[in-house]
Amino acid sequence: MKHFSKGLFVGAVIGALTIAAPLSHAATPRDQLVIGTSLAQVLSLDPHQATEGKAVEIMSNLYDRLVNSTPDGKIAPQLAESWKVDDKGITFTLRQANFASGNPVTSKDVVYSLGRLLKLDQAAAANLKRIGYDKTNVDKLVTSVDDKTVRIDFSGQVTAEMLLYRLTTSTTSVVDSVEVEKHVTDNDYGNAWMRTHSAGSGPFTLNRWSPNELVILDANKDYVTGAPKMKRVIVRHVPESQVERLMLERGDIDIASALTAADLATFKDKKGFTIQRIPTGGFYVLSMNAGNQYLSNPKVREAIAYGIDYKGIEKTIMGPYGRARTVPVPENFEYAIPSPDWHLDVEKSKQLLAEAGYKDGFSLTLKTIAQTPRIDLATAIQASLAQVGIKVDIQQGNGSEIIAAHRARDFDLLIPQTSAYMPNVLGSMEQFSSNPDNSKEANNAGNFVWRSAWDIPELTSLTAKASMEPDPKKRGELYVQMQNMFVEQKPAVLPMFERFEPIVLSSKVEGYIGHPTQLTRLENVTKSETQ
């Protein structure tokens, strides 16, 4: 039996490789942290709307939540200093804290925030909707006992552990209800304003966001645990890997987080730098639209699974970004099953296509964000599938274009990425195995499987059963059944590579610990005088 290895889920033990001093150049200011990355996916900074990775990293420093998850996967207090679980729900006691505006954080703000999340009813609400909370019942299930006490009753579809882990996600951030209400227009819950402003109690405030250019965060000097060590954090959009590498070498940035595998390799054993490879519990995925005439056929989906050179792509492209894995559970998690025997087998793939009635092949379009490593991954899939008779046309786009297409089911093939909200089978797999209503009218764009129009009622029921099973051994048996059923149904959401986030830091940077779910906090980061 395999057991969950903290060493592969925790930023604290991600192999940090010491690496050569850069050429002498002007350094970034000591009281400012400058990060180079891709901001292509940052479409909003409203925590009850945005779900994309880089937006999450930014918002996690603007907002606090009731509870937090540590890099090693434990639940820790944040705005809630304590909580009590009973058979009907959880009661949270809030600590004394203020929003950046100076307004006190109260239970009414928590009730307002969770209600706002579900009433906005965008993709960010999916994590709570999946376990029975929605805009029709949130006012009943989430209540204020007094100014410093919040009660969340169970929906009947959730355990205490599952609810606590979901409350650690950035989508459950607590916002300043007084401040947000000042900016409501046309019953939008303040969304137009919140997209580009902050109203949180976190260690930083939003100074400026220029899409696809930069984000500037200023320290909240009145933060409840003390002012951040950095006066300012600047996140710069650097889409070209070679440019980002040169900027890091020159000292123009302190951290680089969008480098190609080749540029990452130049920092190995290079004095003056460290590399962190952060496991996310998630995957790079090939999403297939089961509404497509070809992809609706399980034999075609299996042909595609046999038409990809996973090991070759891992070696030549993914490198530190991912390892081949075609079950949506990291291989080191307890109850993880082995990957199925999907590998590049041109003859088998052609045979499956012929059995499906497409011996002469067909054409598909693959959409991807033009971002490392996805664009190179798309090119490799295109070349691989060409060998079996499937012609693939690649369409690159920015974050807003590709994400909108994904949520609208407007694609044939598409390469998204996932992460795990808790460090177990359910936390990683649930988004691959639950789709309660596949109808187009459901318009459940927040549901990962719904976006691929893949109807899986039996797997959805099994996932719900596992979610509510109190006995650990029986739950583990259900986890194994879930994975086997997923493989048997020839998934339209095909995990290809377990996903890692490799970043390079100047060795001047101290106290930076990458978080598996991209909730990396920056208030304790410092910079030394010399490398």
Side-chain angles (χ1 to χ4, degrees), residues 1-5 8-9 130-131 157 159 162 281-288 290 295-308 310-311 322-345 348-349 351-352 355-356 418-436 438 447-499:
M1 180 181 296
K2 296 181 180 179
H3 291 273
F4 167 62
S5 166
L8 288 173
F9 198 77
R130 193 175 285 124
I131 54 170
Q157 302 177 38
T159 62
M162 285 177 57
F283 292 82
Y284 288 101
V285 181
L286 182 63
S287 287
M288 311 179 211
L295 300 172
S296 62
N297 190 318
K299 285 187 179 293
V300 170
R301 298 198 298 266
E302 188 176 17
I304 289 174
Y306 275 108
I308 297 173
Y310 306 97
K311 287 298 184 182
R323 63 182 175 196
R325 174 75 172 152
T326 50
V327 175
V329 177
E331 64 182 28
N332 59 295
F333 277 21
E334 186 176 15
Y335 300 110
I337 69 170
S339 287
D341 187 33
W342 290 332
H343 61 280
L344 181 61
D345 187 331
K348 187 173 183 65
S349 182
Q351 177 186 340
L352 286 163
E355 291 174 4
T418 67
S419 59
Y421 74 90
M422 61 180 176
N424 60 26
V425 169
L426 197 64
S428 180
M429 184 176 181
E430 183 185 65
Q431 58 201 308
F432 290 84
S433 61
S434 179
N435 183 14
N438 191 53
N447 184 288
F448 190 66
V449 178
W450 182 91
R451 298 179 190 182
S452 285
W454 188 37
D455 198 13
I456 47 171
E458 297 89 356
L459 185 53
T460 297
S461 296
L462 184 59
T463 301
K465 183 178 179 181
S467 300
M468 294 301 294
E469 175 54 59
D471 181 82
K473 185 174 184 298
K474 291 180 180 178
R475 189 166 60 243
E477 292 170 351
L478 292 172
Y479 286 166
V480 172
Q481 290 180 41
M482 286 167 58
Q483 294 168 81
N484 285 325
M485 185 180 290
F486 175 85
V487 172
E488 289 164 3
Q489 295 195 19
K490 317 308 177 192
V493 282
L494 176 67
M496 298 179 291
F497 301 93
E498 185 180 342
R499 187 170 71 85

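In this chain, residues are counted from 1 in sequence order.
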Problem - Atom pair CD/NZ of Gln351 and Lys299 - distance to nearest 0.5 Å - result: 8.0 Å
Practice task
Using modelled atom types only, decide if a donor and an acceptor are shared between the side chain of Arg301 and the backbone of Leu295 within a distance under 3.5 Å.
Solution key: yes
Problem - Nearest non-hydrogen partners of Ala290 and Ser296, listed with the distance - result: O-CB, 3.1 Å
Practice task
Kindly indicate whether the side chain of Leu352, heavy atoms from C-beta on, has any atom under 4.5 Å from the side chain of Val300.
Solution key: no
Exercise for the section: In plain terms, say whether Glu477 and Lys473 are close enough for a salt bridge, that is, a side-chain N and a carboxylate O under 4.0 Å apart. Expected result: yes
Practice task
Could you tell me whether the side chain of Tyr306 and the main chain of Asp341 form a donor-acceptor pair under 3.5 Å?
Solution key: yes
Practice task
Taking salt bridge (Lys or Arg N to Asp or Glu O under 4.0 Å) as the test, write out the residues that go with Lys474, two or more places apart.
Solution key: none
Handout entry: Arg499 side chain vs Gly282 backbone, donor-acceptor pair below 3.5 Å
Key = no
Practice task
List the atom of Trp342, the atom of Lys490, and the distance in Å for their closest heavy-atom pair.
Solution key: CZ2-CD, 4.5 Å
Handout entry: Value rounded to 0.5 Å, distance of CZ in Arg451 from CG in Asn438
Key = 13.5 Å
Practice task
Output the distance between atom CG (Leu286) and atom CZ (Phe497), rounded to the nearest 0.5 Å.
Solution key: 10.5 Å
Fill in the blank from the handout: CG (Asp455) and CH2 (Trp450) are apart, to the nearest 0.5 Å, by 12.5 Å
Handout entry: Expected output: side-chain Gln157 to main-chain Met468 donor-acceptor under 3.5 Å
Key = no
Problem - Heavy-atom closest pair, residues Pro330 and Ala336 - result: O-CB, 3.5 Å
Problem - Ile456 versus Ser434, closest heavy-atom pair with distance - result: CD1-N, 4.0 Å
Fill in the blank from the handout: Rounded to the nearest 0.5 Å, the CD1 atom of Ile131 sits from the CE atom of Met162 at a distance of 5.5 Å
Handout entry: Beyond-backbone contact of Leu344 with Tyr310, side-chain heavy atoms, under 4.5 angstrom
Key = no
Practice task
Examine distances only and state if a side-chain atom of Glu498 and a backbone atom of Phe283 form a donor-acceptor pair shorter than 3.5 Å.
Solution key: no
Practice task
Say whether, by atom type as modelled, one donor and one acceptor occur between the side chain of Asn424 and the main chain of Phe333 under 3.5 angstrom.
Solution key: no
Handout entry: Side chains of Phe486 and Pro495 in contact at under 4.5 Å (non-hydrogen atoms)
Key = yes
Exercise for the section: Decide yes or no on side-chain contact (heavy atoms from CB on, under 4.5 Å) for Gln431 and Thr418, but give the supporting numbers first. Expected result: CA-CA 9 Å; Gln431 58 201 308; Thr418 67; 3.7 Å; yes
Handout entry: From CA spacing to verdict: side-chain hydrogen bond (donor to acceptor under 3.5 Å, both in side chains), Ser433, Thr463
Key = CA-CA 7 Å; Ser433 61; Thr463 301; 2.9 Å; yes
Handout entry: Donor-acceptor under 3.5 Å (Glu469 side chain, Asp471 main chain)
Key = yes
Exercise for the section: Say whether, by atom type as modelled, one donor and one acceptor occur between the side chain of Glu430 and the main chain of Ser467 under 3.5 angstrom. Expected result: no
Handout entry: Candidate pair Phe448 and Phe432, rule ring-ring contact (aromatic ring centres under 6.0 Å, His included), full reasoning
Key = CA-CA 7 Å; Phe448 190 66; Phe432 290 84; 5.4 Å; yes
Handout entry: Taking every non-hydrogen atom, the tightest pair across Met482 and Leu426
Key = CE-CD1, 4.1 Å
Practice task
State whether the side chain of Ser428 and the backbone N or O of Pro328 hold a donor-acceptor pair below 3.5 Å, judged by distance alone.
Solution key: yes
Handout entry: Audit row: Met496, Val285, side-chain contact (heavy atoms from CB on, under 4.5 Å) steps and yes/no
Key = CA-CA 6 Å; Met496 298 179 291; Val285 181; 5.7 Å; no
Exercise for the section: Measure the spacing between CD1 of Ile304 and OG of Ser349 and express it to the nearest 0.5 Å. Expected result: 8.0 Å
Practice task
Please report the C-alpha distance between Tyr335 and Arg475 in whole Å, then the side-chain angles of each, then the deciding distance to 0.1 Å, and finally whether the side-chain contact (heavy atoms from CB on, under 4.5 Å) criterion is met.
Solution key: CA-CA 10 Å; Tyr335 300 110; Arg475 189 166 60 243; over 6 Å; no
Exercise for the section: Output, in order, the C-alpha distance, side-chain angles, deciding distance and verdict of side-chain contact (heavy atoms from CB on, under 4.5 Å) for Leu494 and Met288. Expected result: CA-CA 8 Å; Leu494 176 67; Met288 311 179 211; 3.9 Å; yes
Exercise for the section: Before accepting this row, confirm whether a basic side-chain N of the pair Glu331/Arg325 lies closer than 4.0 Å to the acidic partner's carboxylate O. Expected result: no
Exercise for the section: Using modelled atom types only, decide if a donor and an acceptor are shared between the side chain of Ser339 and the backbone of Thr326 within a distance under 3.5 Å. Expected result: yes
Practice task
Write down the atom of Asn447, the atom of Pro436, and the distance for their closest heavy-atom approach.
Solution key: ND2-CD, 3.9 Å
